Amino acid sequence: MNLNILLVEDSPHDVVFISTALKQSSLQSNLSVVSSGKDCIKYLAKTIPDLIILDINMPVMDGIEVLKNIKTDPIYKRIPVVILTSSQEKHDILAAFDNYANSYVIKPMDIQSYFDAIKEIEKFWTLISETP
């Protein structure tokens with residue numbers, strides 16, 4: 001199964017890391033990228049991905065606001081959402097799960113660990129878990 005992933009990330013460096021990690025994977029997921037929460041909501045009006053990888057720390061509409069929008073909408077609420085963020089703050093972790101995030105992953109600091117984490121996310125949602 002090819003996984004259609006929507007990445008919501010405002011850091012160009014993180015977009016490069018994530019897309020590179022997915023390109024190196026043997027699973028061949030399809031990646032779409034938007035750089036803001038508002039662009040995510042616009043994207044969802046046109047296309048429903050199999051998985052959303054969502055950063056929390058974004059200007060204007062942060063990841064928690066995006067998550068609230070997704071998980072309270074009957075059309076989008078079943079889309080699995082993995083929070084991928086640098087925040088280790090307990091209030092962010094609680095807010096993510098309070099708003100029905102499916103997973104919370106802290107961005108690793110070294111590049112190989114970062115690549116490994118992305119590949120594990122892809123592997124889990126492609127080979128192990130069923131998506132709606």
Side-chain angles (χ1 to χ4, degrees):
M1 171 182 135
N2 279 357
L3 196 66
N4 293 310
I5 300 171
L6 174 60
L7 173 61
V8 186
E9 175 61 67
D10 65 330
S11 165
H13 293 98
D14 286 324
V15 170
V16 169
F17 294 155
I18 293 165
S19 62
T20 301
L22 291 172
K23 285 176 188 171
Q24 291 178 355
S25 169
S26 62
L27 298 176
Q28 305 304 315
S29 293
N30 303 312
L31 181 67
S32 298
V33 180
V34 295
S35 60
S36 73
K38 289 191 181 217
D39 287 342
C40 174
I41 302 305
K42 288 178 190 175
Y43 179 95
L44 292 175
K46 298 175 188 170
T47 306
I48 302 203
D50 300 313
L51 175 68
I52 297 172
I53 299 177
L54 176 63
D55 188 19
I56 286 182
N57 301 314
M58 293 184 294
V60 184
M61 178 185 271
D62 70 18
I64 299 300
E65 290 178 72
V66 174
L67 187 60
K68 285 178 188 177
N69 274 279
I70 292 168
K71 295 300 185 174
T72 58
D73 189 309
I75 295 171
Y76 310 127
K77 70 181 181 181
R78 290 190 180 107
I79 302 170
V81 178
V82 173
I83 300 295
L84 180 66
T85 184
S86 58
S87 175
Q88 299 180 33
E89 298 295 325
K90 190 71 168 173
H91 66 89
D92 285 337
I93 296 168
L94 293 174
F97 284 109
D98 285 347
N99 288 286
Y100 307 103
N102 298 87
S103 180
Y104 193 101
V105 178
I106 298 168
K107 293 176 182 175
M109 290 295 134
D110 71 274
I111 192 72
Q112 188 57 53
S113 296
Y114 201 121
F115 281 14
D116 292 345
I118 297 303
K119 290 176 187 176
E120 288 300 315
I121 291 168
E122 179 190 37
K123 179 180 173 185
F124 178 80
W125 289 104
T126 303
L127 301 177
I128 298 170
S129 181
E130 293 295 324
T131 55

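These figures come from a predicted structure and were not determined experimentally.
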For Glu120 and Val105: C-alpha separation, side-chain torsions, deciding distance, then whether side chain to side chain contact (heavy atoms under 4.5 Å, CB included) applies. CA-CA 11 Å; Glu120 288 300 315; Val105 178; over 6 Å; no
Residue list, side chain to side chain donor-acceptor pair (under 3.5 Å) with Thr20, at least two apart or on another chain: none
Going by side chain to side chain donor-acceptor pair (under 3.5 Å), name the pairs with one or both residues in residues 63-77, residues two or more places apart or in two chains. Lys71-Asn102
To the nearest 0.5 Å, how far apart are CD1 in Ile48 and NZ in Lys46? 13.5 Å
Spacing of CG belonging to Leu6 relative to OG1 belonging to Thr47, to within rounding of 0.5 Å: 9.0 Å
In terms of heavy-atom contacts, does CD of Gln24 have more than 12 from other residues, nucleotides or ligands at under 6.0 Å? yes
Partners of Lys107 by side chain to side chain donor-acceptor pair (under 3.5 Å), sequence neighbours excluded? Glu9, Asp14
Val66/Val81 under side chain to side chain contact (heavy atoms under 4.5 Å, CB included): CA gap, chis, key distance, verdict: CA-CA 10 Å; Val66 174; Val81 178; over 6 Å; no
Residues in side chain to side chain contact (heavy atoms under 4.5 Å, CB included) contact with Ala117, at least two apart in sequence or another chain: Pro108
Start with the C-alpha distance between Tyr104 and Ile56, add both sets of side-chain angles, then the distance that settles side chain to side chain contact (heavy atoms under 4.5 Å, CB included), and finish with yes or no. CA-CA 10 Å; Tyr104 193 101; Ile56 286 182; 3.6 Å; yes
Just verifying a value: how many Å separate Ile18 CD1 and Ser11 OG, rounded to the nearest 0.5 Å? 8.5 Å
State the OG-CD1 distance between Ser113 and Ile106, to the nearest 0.5 angstrom. 13.0 Å
Please table the atom pairs, donor to acceptor, closer than 3.5 Å between any side-chain atom in residues 88-98 and protein atoms at least two apart or in another chain.
from  : atom 1 : to    : atom 2 : distance (Å)
Asp92 : OD2    : Ser87 : OG     : 2.4

Evaluate side chain to side chain contact (heavy atoms under 4.5 Å, CB included) for Thr131 paired with Leu51, printing each intermediate quantity in order. CA-CA 8 Å; Thr131 55; Leu51 175 68; 5.9 Å; no
Is the backbone of Lys123 close enough, under 3.5 Å, to the side chain of Thr126 for a donor and an acceptor to pair up by distance? no
Kindly compute the distance separating OG (Ser29) from CG (Asn2), expressed to the nearest 0.5 Å. 6.5 Å
Taking the side chain as every heavy atom from C-beta outward, state whether Leu27 and Leu3 have any pair of such atoms under 4.5 Å apart. no
Whether over 12 other heavy atoms sit under 6.0 Å from Lys119 NZ: yes
Residues passing the side chain to side chain contact (heavy atoms under 4.5 Å, CB included) test with Asp39, sequence neighbours excluded, are Val34, Ser35, Ser36, Lys42
Pairwise distance CD1(Ile5) to CG(Leu31) - rounded to 0.5 angstrom: 6.0 Å
Given Ile70, which partner from the list Ile75, Ile52, Asn99, Val8 fulfils the side chain to side chain contact (heavy atoms under 4.5 Å, CB included) test? Ile52
